[in-house]
Amino acid sequence: MLDAKLIRAKPEMVEAALEKRNISGALDRFIVLDEERRAILGKVEELKGFRNNASMEVGRMKKQGIEPEALMEQVRQVGMEIKALDDQLKAIEDNLENILLNIPNLPHESVPVGLDESANVEVRRWGDPRSFDFEPKAHWDLGPELDILDFERAAKLSGARFTVYKGAGARLERAVINFYLDVHTGQHGYREILPPFMVSADCMTGTGQLPKFAEDMFKVEGREMYLVPTAEVPLTNLYREEILDGAQLPIYLTAYTPCFRAEAGSHGRDTRGVIRQHQFNKVELVKITDPDHSYDELEKLTADAERVLQLLGLPYRVVLLSTGDMGFSSAKTYDLEVWMPSYQAYKEISSCSNCEDFQARRANIRFRPDAKSRPQYAHTLNGSGVAVGRTVAAILENYQEADGSVVIPEVLRPYMGGLEVMIPV
RNA sequence: GGAGAGAUGGCCGAGUCGGCUGAAGGCGCUCGCCUGCUAAGCGAGUAGACGGGCUUAAACCUGUCUCGAGGGUUCGAAUCCCUCUCUCUCCGCCA
C-alpha cells in the first residue's frame, strides 16, 4: 500500500512512478476523495468536540440541580448530524482504502523501465551449461523412466498439474528441502520457521495477494482461509500489527512449505513436467529490515539463494526484472533462472524482492529505531531459496547420463543415504 | 462437541451506582540528579492512529478516535445490551 501522505504531497511524482508500471490515472479518484474526506473529517470532529463539552456540562448541571433538558435536546440533534457524517466518512474511507489496496508498489529508481520481460536485464551468469554428447532428455521423460515421478497416477488422484514422487524421487525432494534449510540456517543466519499452511484473508491482504489476485489462490470452502501460495505470506505476516524493537532488526526467517496456486490463466503453459504445478515445495527466505539497509539486504538475500545453486552445481543467471515484469508488491526484483536443457533456456527458480514498506504498511509492521523515536514502517524482503520441484527437475536434466541414469549431486548424497546415482528400471 | 472464565497502555494490574479515567498502582524503559564503581535512592517523562496549526523538517501546540472486533442504548460508555473473534480451565472425542 502506498503512503496516502506521499500521494497527497507529491501526486505528480507518484503518478510518474506508476506510469513506469504502465498504470495511469490511478490517483485521480483518490485525490478527490481524499480532499472530501478531510473536509468532512474537520466538520465531524468539530461537532464531536462540541458534544464532548456539552455532555460534560450536562453532568455538571445535574450535579448542581439545574435542568439540562434543553442542552440535552441540542446534543441529540448534533448527535444525529454526527451519525450522518460518520456514515459518509466511513463510505469514503472504505473507498479510499480499496483504491490504495489495488495500486501496486512504486518501482525503485534502479529498475529498468519496460512493458514486459523483454526489458529485463541480465545481471550475471554462473556456471556453464553442460554440452551433452548425446540427446539429453526432459525431466518428464527421465522421471517416469527412473520410476521416481508419476504424472499419470497423480492425475488419477488430483487431476492435471500434480505430481506423485516415488522412491528415490520422494527422497530427493526431501533431501533438497533439508539441504536448503540447513544451508540457510547454518551458513546464512536464518531462523527456521514451520508455519501454518492455511492463513487468514488478512494475511493475504498484508502481503498483497488480496484483494487483487484472489483467483490465483485456493480458498478453503466455507471459511475465510487460504492455502498458502508461498511461505512469504505466513513469514512476513508473523509480525503483523506489531511494533518491533529496532535492535531486533534485521530479522532473517526461512521456512519450507508446500505452495498452492490455482494457475488461473496459464492453461497450456508448461503443461509437461513439474515446472508449473498446483502444489509444489519451496524453501523461502524472508527479511524484516530497517529502510536504510533493505537494498544491501536484497543483494545479500539474492546471494544466499544463489549459493545453494552453486553448491548443487547448477548453472544459472540472475535477471533484474523490468517495471513491466515485477510483482505487485515489489519495488525491485531479481529472478534466478536455472539452466534447463529441455527448454534450452534458463527457467525461473527463484524470485528475490524488496517490497520496501509496501507490505509493512498493509500488514502494519513497524519498528522503533530507539526508545525515544516514533514507530516507523519496516521494510520487508522475500526470495525463494529456492523452489524445490524445479530444483529436482534441473538436477534430473543437468545430471543425466547417456544411459538415462542421473548422478546425485555430491552435497545431496548425505541426505540420500549415500546414494550416488539413480538408474532406470 | 458440552460446561465455565476471561480479553484494559511495552508488561503486570485497578476501574465503584455509566460523567475531568486515555485510563490508578506497580514493573520496565528514557532523561536528569545523587553516589569511589556497581547496586540502591530521588525527580521528571513514557500508547497508537487520523486531522488542524506552526516549521524547510523535526520538536512543539491543538482536536478527534481507540480499553479484543463490530453494532446498539444514552446528553455522555472501558463501564449497560446484542453479535462475532480469540485465549484459558474442566469433561468428551481425536492424530
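Keep in mind that this is a model prediction, so the values were computed, not measured.
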Where the side chain of [X] is concerned, which of [options] is the nearest nucleotide?
X	options	result
A:R368	B:U64, B:A47, B:G52	B:A47
A:S55	B:C75, B:C50, B:G48	B:C75
A:K62	B:G19, B:G51, B:G48	B:G19
A:R374	B:U64, B:G76, B:A59	B:A59

Output the residues of residues 74-83 of chain A in contact with RNA chain B, where contact means a heavy atom of the residue under 4.0 Å from an atom of the strand; sort by number or write none.
A:V75, A:R76, A:K83
[N] and [M]: how far apart are their [atom1] atoms, nearest whole angstrom?
N	M	atom1	answer
B:C11	B:G68	P	13 Å
B:C75	B:A58	C1'	41 Å
B:U62	B:A77	C1'	25 Å
B:C93	B:G2	P	15 Å
B:G51	B:A40	C1'	46 Å

List, with names and distances, any nitrogen or oxygen atoms from the protein found under 3.5 Å away from nitrogen or oxygen atoms belonging to nucleotides 27-29 of chain B.
none

Have a look at A:P68 and say if it touches a base, only the backbone sugar-phosphate, or nothing, with a 4.0 Å heavy-atom cut-off.
nothing
Any donor-acceptor N or O pair under 3.5 Å, side chains [X], [Y]:
X	Y	result
A:S200	A:E224	no
A:N53	A:R51	no
A:E356	A:Y295	yes

Nearest-nucleotide wise, let me know which of A:L71 and A:M56 is further upstream toward the 5' end of RNA chain B.
A:M56
Would you please confirm or rule out a distance under 4.0 Å between OP1 or OP2 of [N] and any side-chain N or O of [X]?
X	N	result
A:R51	B:C75	no
A:R8	B:G51	yes
A:N52	B:C65	yes

Against A:Q77, only a single residue in A:E81, A:E73, A:Q74 fulfils side-chain hydrogen bond (donor to acceptor under 3.5 Å, both in side chains); can you say which?
A:E73
Please give the nucleotide sitting opposite B:C31 as a Watson-Crick or G-U wobble pair, both distances under 3.5 Å, or none.
B:G43
The single option from A:L309, A:I349, A:V319 passing side-chain contact (heavy atoms from CB on, under 4.5 Å) against A:E337:
A:V319
With distance as the sole test, does A:D325 use its side chain to make a donor-acceptor pair with the main-chain N or O of A:L321 at under 3.5 Å?
no
List the steps, then state whether ring-ring contact (aromatic ring centres under 6.0 Å, His included) holds for A:Y252 with A:H188.
CA-CA 9 Å; A:Y252 285 22; A:H188 299 151; 9.3 Å; no
